[in-house]
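To keep things clear, I will list the structure first and then write my remarks on it.
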Amino acid sequence: TATLEPDELAGAFRAMVDRMREQDRALGTIERGAGGLGDLVRFASHAARDMATGVVVLDRRRRIAALNGAAATLLTIDLEAARGRAIEAVLPSVAGLPRLLAACLEHGRPATREVLRARWPDGREGHFGVTLSPCPGVDQRPTGALMLMTDLTEIRELQQQAQVRENLAAVGEVSAGIAHEVRNALGTILANARLVEKRDDPLAAGPARAIVREVEETAAVIEEFLTYARPAPPKPETFDLRVALVRAAATAPDEIDVEIEGEFGAVHADAALVTRAFDNLFRNAGDVARESGTRLSVTARGRRVADGRMLQVEIEDDGPGIPDDDLERVFTPFYTSRSRGTGLGLASVRRTLSDLGGAVEAARGAAGGALFRLRFPIAPADPERV
């Protein structure tokens, strides 16, 4: 199956450094040839037209005075329509950027090589590399600012995948051994509790049955955790991802309605593991529906991303959604906000995607419900080369 090789990760880091250096070179070129806001506007509109780095020129009131095509593409806005608009009106939600803009435009403080997280209204997320430089006026007060932007989304995803794999390996080595020891101890407790349960002693039978029930539930959680911590090696095959979705939807909880739409295709992965990952997400939505007492609609959308190299599936429901503070924690083993959850379902989904060379993230959907974005490597023309 496709995995993140050391050379690939090293290449990702080199690409990030190269993009940051490109920003520095662009900034140097602009500073050498620009004397004021008007010069920056002319540069962004003409000389920077074909640059790969996004160039945005802002006036003192944070309105866009000029931008190049790369910036318009990054911000998914129309080049002509953006001019004269407030930057906040055309930007996605970029954590930390308002603070940096205020420091630059009000106090003349530059910002260099900042990596900021962006979130679009449709739930998409990414990362920008941002450099800000003030444009001083006659009285040295900034008359505007130059903002350089680079898309670092794919590079950050590779970094995060590497970190997830490293963390999962550590979890598997340490906690699986502990779980085995606990499982052995539970086996002894269970055997003795069943002996007590069989005795003709009504005072002991009830507590013994309670012990048996709790031990069996705990043992089931430990077995689930062992499967998560040290899963069996994947058995890759080439299959249509829509087929796995349809199979999982056929056994989805009665409390949810599942619709499948969009573009799908062949992936080279373990079909059973992929189906189980979708099962976990549908069961998670079913649990939310039961606890909220409402029926949920779940939509699974497929589309190709990363220049056609990845197949992305977004699974979105119309439920109460996930609090922003919990968006990353939901994948932590044993973390759950539900009264009866084990906290291993979503952790297992992340483990599966990581083992298959993909990734998963949680977000808030456009309508406020939960949104899970899964990415799978598309099957190559020759599966033997995977």
Check: For T73, what residues pass the side-chain contact (heavy atoms from CB on, under 4.5 Å) criterion, not counting sequence neighbours?
Finding: none
Item checked: S133 vs C104 side-chain heavy atoms within contact, under 4.5 Å -> no
Notebook entry, point to check: Does a sphere of radius 6.0 Å around CG in D254 hold more than 12 heavy atoms from other residues, nucleotides or ligands, not counting ones at 6.0 Å or beyond?
Noted result: no
Margin query: If we ignore hydrogens and angles and just use 3.5 Å, is the side chain of N280 paired with the main-chain N or O of L346 as donor and acceptor?
Written below: no
Next item on the list: Could you tell me whether a side-chain N or O of D326 sits under 3.5 Å from a main-chain N or O of R329, the two making a donor and an acceptor?
Entry: no
Check: Between atom CD of Q312 and atom CG of L241, what is the distance when rounded to the nearest 0.5 Å?
Finding: 11.5 Å
Check: Do V246 and L281 sit in the same hydrophobic cluster, where Ile, Leu, Val, Met, Phe, Trp and Tyr count as joined when their side-chain heavy atoms come under 4.5 Å apart?
Finding: yes
Notebook entry, point to check: Closest heavy-atom contact between A252 and F282?
Noted result: CB-CB, 4.2 Å
Next item on the list: Could you grab the distance from atom CG of L190 to atom CZ of R194, nearest 0.5 Å is fine?
Entry: 4.0 Å
Checklist line | Over all atoms of both residues, closest heavy-atom pair of V349 and A277 | finding: CG2-O, 3.6 Å
Check: Excluding sequence neighbours, so at least two apart, what forms side chain to side chain donor-acceptor pair (under 3.5 Å) with D318?
Finding: none
I'd like a table of donor-acceptor pairs (distance under 3.5 Å, sequence neighbours excluded) in which one partner is a side-chain atom from residues 255-267, with atom names and distances.
| from | atom 1 | to | atom 2 | distance (Å) |
| --- | --- | --- | --- | --- |
| E255 | OE1 | R290 | NH1 | 2.9 |
| E255 | OE2 | R290 | NH1 | 3.4 |
| D257 | OD1 | R295 | NE | 3.3 |
| D257 | OD1 | R295 | NH2 | 3.0 |
| D257 | OD2 | R295 | NE | 2.9 |
| E261 | OE2 | R301 | NE | 3.2 |
| E263 | OE2 | R304 | NE | 3.3 |

Notebook entry, point to check: For the residue pair P98 and R62, what are the closest heavy atoms and their distance?
Noted result: O-NH2, 3.9 Å
Item checked: hydrophobic_cluster_shared for L105 and V57, side chain cutoff 4.5 Å -> no
Next item on the list: Give the minimum heavy-atom separation between A362 and F331, together with the two atoms involved.
Entry: N-CE1, 3.7 Å
Margin query: Would you compute the distance between atom OG1 of T352 and atom CZ of F376 and round it to the nearest 0.5 angstrom?
Written below: 9.0 Å
Margin query: Just verifying a value: how many Å separate F278 CZ and T251 OG1, rounded to the nearest 0.5 Å?
Written below: 12.5 Å
Next item on the list: Measure the spacing between OG1 of T275 and CZ of F239 and express it to the nearest 0.5 Å.
Entry: 6.5 Å
Notebook entry, point to check: When rounded to the nearest 0.5 angstrom, what distance separates CG in L327 from CZ in R364?
Noted result: 7.5 Å
Notebook entry, point to check: So, for A285 and L296, which heavy atoms are closest and what is the spacing to 0.1 Å?
Noted result: O-CD1, 3.5 Å
Check: Quick one: salt bridge (charged side-chain N to carboxylate O under 4.0 Å, His left out) pairs with a partner in residues 239-250, sequence neighbours left out?
Finding: none
Note to self: For the backbone of G369 and the side chain of D317, can you confirm whether one donor and one acceptor N or O come within less than 3.5 Å of each other?
What the structure shows: no
Item checked: For the student: nearest non-hydrogen atoms of A65 and R83, plus distance -> O-CD, 4.2 Å
Check: Yes or no on side-chain contact (heavy atoms from CB on, under 4.5 Å) for E314 and L371, after CA distance, side-chain angles and deciding distance?
Finding: CA-CA 7 Å; E314 293 185 343; L371 171 66; 3.8 Å; yes
Check: Do L132 and L146 have side-chain heavy atoms sitting under 4.5 Å apart?
Finding: no
Notebook entry, point to check: Listed by chain and number, what are the side-chain contact (heavy atoms from CB on, under 4.5 Å) partners of R61, not counting sequence neighbours?
Noted result: D59, R63
Notebook entry, point to check: For the side chain of T143 and the backbone of C135, is there at least one donor-acceptor N/O pair under 3.5 Å apart?
Noted result: yes
Checklist line | Listed partners of L116 passing side-chain contact (heavy atoms from CB on, under 4.5 Å), at least two apart | finding: V94, L97, L100, E114, V130
